[in-house]
Number of protein chains: 2
Amino acid sequence: MKRTQNISVAVDAIVFGYSKENGVSILLIKRKYAPFKGKWALPGGFVEEKESLEKAVERELKEETGIKIDYLEQLYTFGKPNRDPRNRTISVAYFGIVNASKFQKLQASTDASEAEWFNIKDLPALGFDHRQILSVAIERLRSKIKYEPIGFELLNQRFAFSELENLYSTLLDRPIDRRNFKKKVMKLGILEELDEKAPKSGAGRPGNLFQFNKNAYDRLLIDGMHFEI
Amino acid sequence: MKRTQNISVAVDAIVFGYSKENGVSILLIKRKYAPFKGKWALPGGFVEEKESLEKAVERELKEETGIKIDYLEQLYTFGKPNRDPRNRTISVAYFGIVNASKFQKLQASTDASEAEWFNIKDLPALGFDHRQILSVAIERLRSKIKYEPIGFELLNQRFAFSELENLYSTLLDRPIDRRNFKKKVMKLGILEELDEKAPKSGAGRPGNLFQFNKNAYDRLLIDGMHFEI
DNA sequence: TATATTTGTGTCAAATTAACGCAAAATAAA
DNA sequence: TTTATTTTGCGTTAATTTGACACAAATATA
């Protein structure tokens, strides 16, 4: 077969993080080179000859942000002919999540790096078609928490129940009934309640810590779950 | 930026069709050239320089099978380094549906062409990683009919209710209660019952024709629907 | 004409959901 | 120290939804 094609293949990563104080955030980098030099954009870059797409994402994330991802799945492939001003590039976008502890860590060391977290409600202008990619990712996150316990990936391994509640009501952008929510989540059987109390944060009765049971979750996925809140 | 990459970009199409007699089927072509010459494979091919990915799928489908699709959405991008024996190729796979009338039509003119419908339970050996792509597509179809009325795309515009019931029970591979199913579907408010009777086919009381109301469906999508059967 | 087949319309108990009440355990204010 | 205020844990109850069936009506077929 003759080679007449001249299309580049890139990957981009939309990485979500969460904390109660900063809300749902995504990781952006400040571009060092043209095009869009100095502008904010999604971390990503060109795929190397012998690496898989996933490896490419992980490599780029490490290079550009120093972060190692906790959850990664393919989001969508963007391929409009003129989305890159240089030459035609199709980008396979990946959807990633880091848990709360890593999210906090990067925040502390942000100054040195060119990577920064931005609350999804307060985003800067972005290069390329990254704004559009981001919209697709946010939509995916919103719908995903309704049928997969993906929300747990955003928290630490052990968390207070109110953090989970807070996360869901932030993502769904509406109040949720605390009592009914807890009943529903517990009935899924994927959370273990620990004896330990959560570290105190302000007023109120201290609650137990909870943790996510991965095995129970995998069993659930086989049957298929629906988790309408 | 230096061009060091040498990756080809292709699209593949998984096109579903349905009829009561032949069940859920997908469209395959017999390859005319190496690699996998003479083997069955998904329709598809390399993306041209200035066309979008969707246009590429539509073009390839027309060239290879003569069919025009009724529903098309991106499925997944497959990019393992050695999935094509020639040189590295990533393939953006698309998920398509044709409605029953077109499905029948191709069947009639199959002999001349190299395209053929295969029931998804009785598939031939496939070239490349197309078997894996197919699995992802079938999984998508199975899960999609549970939260989007995508099943209607597989039928004709006007259909007997039993055809819909039959489609769902075929796809879900289990019996469904006809009466409860009808109640649930009708409550979605996206079907209109016509005065006309369905053309008779065998014994039994003749039923009304139904048709899908696209406007009502779009309204429903905004709120989000769940359609657990 | 009797029988089998398919469609249309219900019924009803069980399970689930949504809305809310209230006491217990902590901090914050008086 | 006493009294709010806040947050958690554990309910109750009515309304709704689901799942399992019953049965009559309209047609083809034996």
Side-chain angles (χ1 to χ4, degrees), chain A residues 19-21 145-147 149 155-156 158-170 172-211 220 223-229, chain B residues 19-21 145-147 149 155-156 158-170 172-211 220 223-229:
Chain A
S19 73
K20 195 172 179 178
E21 307 78 45
I145 60 159
K146 288 187 188 168
Y147 60 90
L155 302 176
N156 284 312
R158 305 150 88 244
F159 51 87
F161 206 90
S162 56
E163 293 179 67
L164 184 64
E165 181 201 331
N166 195 282
L167 169 62
Y168 270 77
S169 101
T170 304
L172 297 173
D173 204 25
R174 62 178 164 82
I176 55 179
D177 185 280
R178 179 176 57 86
R179 295 151 293 187
N180 291 336
F181 177 69
K182 188 168 181 180
K183 268 182 281 189
K184 276 189 193 174
V185 172
M186 293 314 287
K187 215 174 69 167
L188 292 176
I190 54 178
L191 280 192
E192 287 164 4
E193 187 163 6
L194 304 176
D195 272 337
E196 205 174 333
K197 295 282 167 205
K200 56 186 91 177
S201 65
R205 172 175 175 173
N208 282 327
L209 281 174
F210 288 77
Q211 86 184 5
L220 200 60
D223 303 345
M225 66 177 274
H226 272 282
F227 181 43
E228 200 54 37
I229 299 142
Chain B
S19 74
K20 195 170 179 178
E21 305 79 44
I145 59 158
K146 287 187 188 170
Y147 60 89
L155 303 176
N156 283 313
R158 305 150 89 245
F159 51 88
F161 206 89
S162 56
E163 294 179 64
L164 185 64
E165 181 202 329
N166 195 282
L167 169 62
Y168 271 77
S169 101
T170 304
L172 297 173
D173 203 24
R174 61 177 166 82
I176 56 180
D177 185 280
R178 179 175 58 86
R179 294 151 294 186
N180 292 337
F181 177 69
K182 188 167 181 181
K183 268 184 281 187
K184 277 190 192 173
V185 173
M186 292 315 285
K187 216 174 70 169
L188 291 176
I190 54 179
L191 280 193
E192 287 164 3
E193 187 163 4
L194 304 176
D195 272 337
E196 203 173 333
K197 296 282 168 207
K200 53 187 94 177
S201 65
R205 173 175 174 172
N208 281 328
L209 281 174
F210 289 77
Q211 86 185 7
L220 199 60
D223 304 345
M225 67 177 272
H226 273 282
F227 181 42
E228 200 55 36
I229 300 139

Using whole Å, report how far [atom1] of [X] lies from [atom2] of [N].
X	N	atom1	atom2	value
B:Leu164	C:dT6	CG	P	17 Å
A:Asp177	C:dT17	CG	C1'	11 Å
B:Lys182	C:dG10	NZ	P	11 Å
A:Phe181	C:dT17	CZ	P	14 Å
A:Asn166	D:dT8	CG	P	10 Å
A:Phe161	D:dC10	CZ	C1'	13 Å
A:Met186	D:dG9	CE	P	10 Å
A:Asp195	D:dT8	CG	C1'	16 Å

N/O contacts under 3.5 Å, protein versus nucleotides 14-19 of chain D?
| residue | atom | partner | partner atom | Å |
| --- | --- | --- | --- | --- |
| D:dG19 | OP2 | B:Lys184 | NZ | 2.9 |

Name all residues meeting the ring-ring contact (aromatic ring centres under 6.0 Å, His included) criterion together with A:Phe181; count only those two or more places apart in sequence or in a different chain, and write none if there are none.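 With sequence neighbours excluded, A:Phe181 shows a ring-ring contact (aromatic ring centres under 6.0 Å, His included) to A:Phe161, A:Tyr168, given in chain and number order.
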Annotated protein contacts, base or backbone, on nucleotides 23-30 of chain D with a non-hydrogen cut-off under 4.0 Å, one of B, S, - each: --BBBS--
As an exercise, state the distance from CZ of B:Arg178 to OG of B:Ser169, rounded to the nearest 0.5 Å.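 Here the rounded value is 12.5 Å.
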So, taking the atom named CG in A:Leu194 and the one named CD in A:Glu192, what distance separates them when rounded to the nearest 0.5 Å?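 With rounding to 0.5 Å, CG (A:Leu194) is 7.0 Å from CD (A:Glu192).
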Sequence neighbours left out, what passes salt bridge (charged side-chain N to carboxylate O under 4.0 Å, His left out) with [X]? Give chain and number order.
X	value
A:Glu196	A:Arg158
A:Arg179	A:Asp177
B:Asp195	none

Side-chain donor-acceptor pairs under 3.5 Å in residues 199-210 of chain A, sequence neighbours left out?
| residue | atom | partner | partner atom | Å |
| --- | --- | --- | --- | --- |
| A:Asn208 | OD1 | A:Lys197 | NZ | 3.3 |
| A:Asn208 | ND2 | A:Glu193 | OE2 | 2.9 |

I'd like to check the side-chain hydrogen bond (donor to acceptor under 3.5 Å, both in side chains) partners of A:Lys184; sequence neighbours left out, ordered by chain and number.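 So A:Lys184 forms no side-chain hydrogen bond (donor to acceptor under 3.5 Å, both in side chains) with any residue.
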Could you pull out all residues at least two apart from A:Thr170 that satisfy side chain to side chain contact (heavy atoms under 4.5 Å, CB included)?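 Counting only residues at least two positions away or on another chain, A:Thr170 forms a side chain to side chain contact (heavy atoms under 4.5 Å, CB included) with A:Tyr18, A:Val24, A:Asn166.
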